[in-house]
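Each residue takes its place number in the sequence, starting with 1. This structure is a prediction, so every number in the text was calculated from the model and none was measured.
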Amino acid sequence: NALNDFIFSRYQHFIASFSPATTDIRPYSWNGFETRIRYTYVGELNSNIQLQENFDSDIRRRIKKAQELDHEVIMDNSDTYINHAWELEQQSFKRQHFQQSGFTKQQFLSFIKTFSGEGSSMVFTMIHEGAPIASVVTVHEKTRGIAYYWQAGASKDYLSPGLNQLLVQRIIEHYISEGYKKFDLVGADTDTIARYKSTFNFPLVPMYSVIKSRGMTKFGLMIKKFV
């Protein structure tokens, strides 16, 4: 009840997705939240060689081909690379016909800067021929040894050569070298995204999400279902 009161003293609409480690969301259900089951892929970071062997053969072929191209992976949380991440993410959303990412640009910048200031986030950017062509923003929990593939985007002109897959491999290599034990690909509920993430052959894991609205926000969402 206290959490419910806290949330709706500040917000009209609330939605949250929990990590697979959260297995009991009954208090939310008891307080009138709508509960949903979602899915993600979570891999054990034992060794990079073992992980690569588990990738689909097509992904291994793409990565091998991409390694021969001019490329550089940059880890940088400066405004320049956060802006690249935002722009590449927006390109991906438009290409997949999604309405929006759920963030304004200012919220996106603020979130990454806040978490990177705490040492809990990193922007990985793939540079090809001097230009940023793909980006992944990760969030990580050092104490639990888990890293999350939080937001990603790529230029439509560089989807085939395998540079996106190579970027994911480089990110995994980084977290293995830092002693992390798990890598969560964060979400497998959208068809095209799930098919892409499934090629890394991480186990599919269920997770919970909750949602609740109040007042006119709730009424507006109900109306929207019939429009």
Q: Kindly indicate, with the supporting measurements, whether the criterion ring pair (Phe, Tyr, Trp, His ring centres under 6.0 Å) is fulfilled by Tyr148 and His140.
A: CA-CA 6 Å; Tyr148 302 89; His140 42 262; 9.3 Å; no
Rounded to the nearest 0.5 Å, what separates atom [atom1] in [X] from atom [atom2] in [Y]?
X      : Y      : atom1 : atom2 : result
Ser213 : Phe33  : OG    : CZ    : 9.5 Å
Ile133 : Leu88  : CD1   : CG    : 8.0 Å
Ser19  : Glu141 : OG    : CD    : 7.0 Å
Leu69  : Glu129 : CG    : CD    : 8.0 Å
Met126 : Asn164 : CE    : CG    : 8.0 Å
Glu118 : Phe115 : CD    : CZ    : 6.0 Å

[X] (side chain) donor-acceptor with [Y] (main chain) under 3.5 angstrom:
X      : Y      : value
Ser92  : Ala154 : yes
Ser110 : Gln106 : no
Gln107 : Thr104 : yes
Thr190 : Thr192 : no
Ser198 : Arg195 : yes
Lys142 : Ser120 : no
Asn77  : Ser121 : yes

Q. Does the side chain to side chain contact (heavy atoms under 4.5 Å, CB included) test come out yes or no for Thr138 and Ile171, once each step is laid out?
A. CA-CA 9 Å; Thr138 62; Ile171 293 169; 4.0 Å; yes
Q) Which residues pass the side chain to side chain donor-acceptor pair (under 3.5 Å) test with His174, sequence neighbours left out? A)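 Applying side chain to side chain donor-acceptor pair (under 3.5 Å) to His174 gives none.
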Measuring only between side-chain heavy atoms, which start at C-beta, is [X] closer than 4.5 Å to [Y]?
X      : Y      : answer
Leu185 : Phe202 : yes
Ile211 : Arg36  : yes
Leu167 : Phe124 : yes
Tyr41  : Tyr149 : no
Ile37  : Tyr208 : yes
Arg144 : Lys182 : no
Val137 : Ile112 : yes
Thr22  : Asp24  : no

Q.
If you apply the rule side chain to side chain contact (heavy atoms under 4.5 Å, CB included), what do you find for Val168 with Tyr196, and how did you get there?
A. CA-CA 12 Å; Val168 175; Tyr196 168 72; 3.8 Å; yes
Q | Member of Thr199, Asp58, Ile63 meeting the side chain to side chain contact (heavy atoms under 4.5 Å, CB included) criterion with Gln165 | A |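 Only one option passes, and that is Ile63.
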Decide whether [X] and [Y] are clustered together by the hydrophobic rule: side chain heavy atoms of Ile, Leu, Val, Met, Phe, Trp, Tyr closer than 4.5 Å, transitively.
X      : Y      : answer
Val73  : Leu163 : yes
Ile172 : Leu166 : yes
Ile74  : Leu109 : yes

Q. Has Lys197 got more than 12 heavy atoms of other residues, nucleotides or ligands less than 6.0 Å from its NZ?
A.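 Above 12, so yes.
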Q.
Looking at Lys64, I want to see if its NZ is surrounded by more than 12 non-hydrogen atoms of other residues, nucleotides or ligands under 6.0 Å.
A.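 For Lys64, atom NZ is not crowded (no more than 12 foreign heavy atoms under 6.0 Å).
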Q.
Go through it in stages, so that I can follow the logic: the residues are Ser17 and Arg38, the test is side chain to side chain contact (heavy atoms under 4.5 Å, CB included), and I'd like the CA-CA distance, side-chain angles, deciding distance and then a yes or no.
A. CA-CA 8 Å; Ser17 294; Arg38 302 182 64 199; 2.7 Å; yes
Testing the basics here: between [X] and [Y], what is the closest heavy-atom pair and its distance to 0.1 Å?
X      : Y      : result
Pro132 : Ile127 : CA-CD1, 3.7 Å
Gly43  : Pro203 : CA-CD, 4.4 Å
Phe108 : Ile82  : CE2-O, 3.7 Å
Gly187 : Ile193 : O-CG2, 4.4 Å
Gln67  : Arg170 : NE2-NH2, 4.0 Å
Ala147 : Tyr180 : N-CD2, 4.0 Å

Q | Aromatic plane relationship, Trp150 with Phe111 - under 30° parallel, 30 to 60° tilted, over 60° perpendicular | A |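 Rings of Phe111 and Trp150: parallel, under 30°.
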Q) Would you call Asp56-Arg61 a salt bridge at under 4.0 Å N-O? A)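 Between Arg61 and Asp56 there is no salt bridge, as every charged N stays at least 4.0 Å from the carboxylate O atoms.
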(Q) With ring pair (Phe, Tyr, Trp, His ring centres under 6.0 Å) as the rule and sequence neighbours excluded, what pairs involving residues 50-84 come up? (A)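 Of all non-adjacent pairs touching residues 50-84, those that pass ring pair (Phe, Tyr, Trp, His ring centres under 6.0 Å) are Phe55-Phe200, Tyr81-His84.
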Q.
Working note: Asn46 + Lys181, criterion side-chain hydrogen bond (donor to acceptor under 3.5 Å, both in side chains); need CA distance, chi angles, decisive distance, verdict.
A. CA-CA 7 Å; Asn46 298 316; Lys181 301 302 181 184; over 6 Å; no
Q. Between Phe183 and Val42, does a side chain to side chain contact (heavy atoms under 4.5 Å, CB included) hold up when you go through it step by step?
A. CA-CA 6 Å; Phe183 191 67; Val42 182; over 6 Å; no
Q. Where do Gln169 and Glu173 land on the side-chain hydrogen bond (donor to acceptor under 3.5 Å, both in side chains) test, with the steps shown first?
A. CA-CA 6 Å; Gln169 178 177 303; Glu173 289 173 353; 3.1 Å; yes
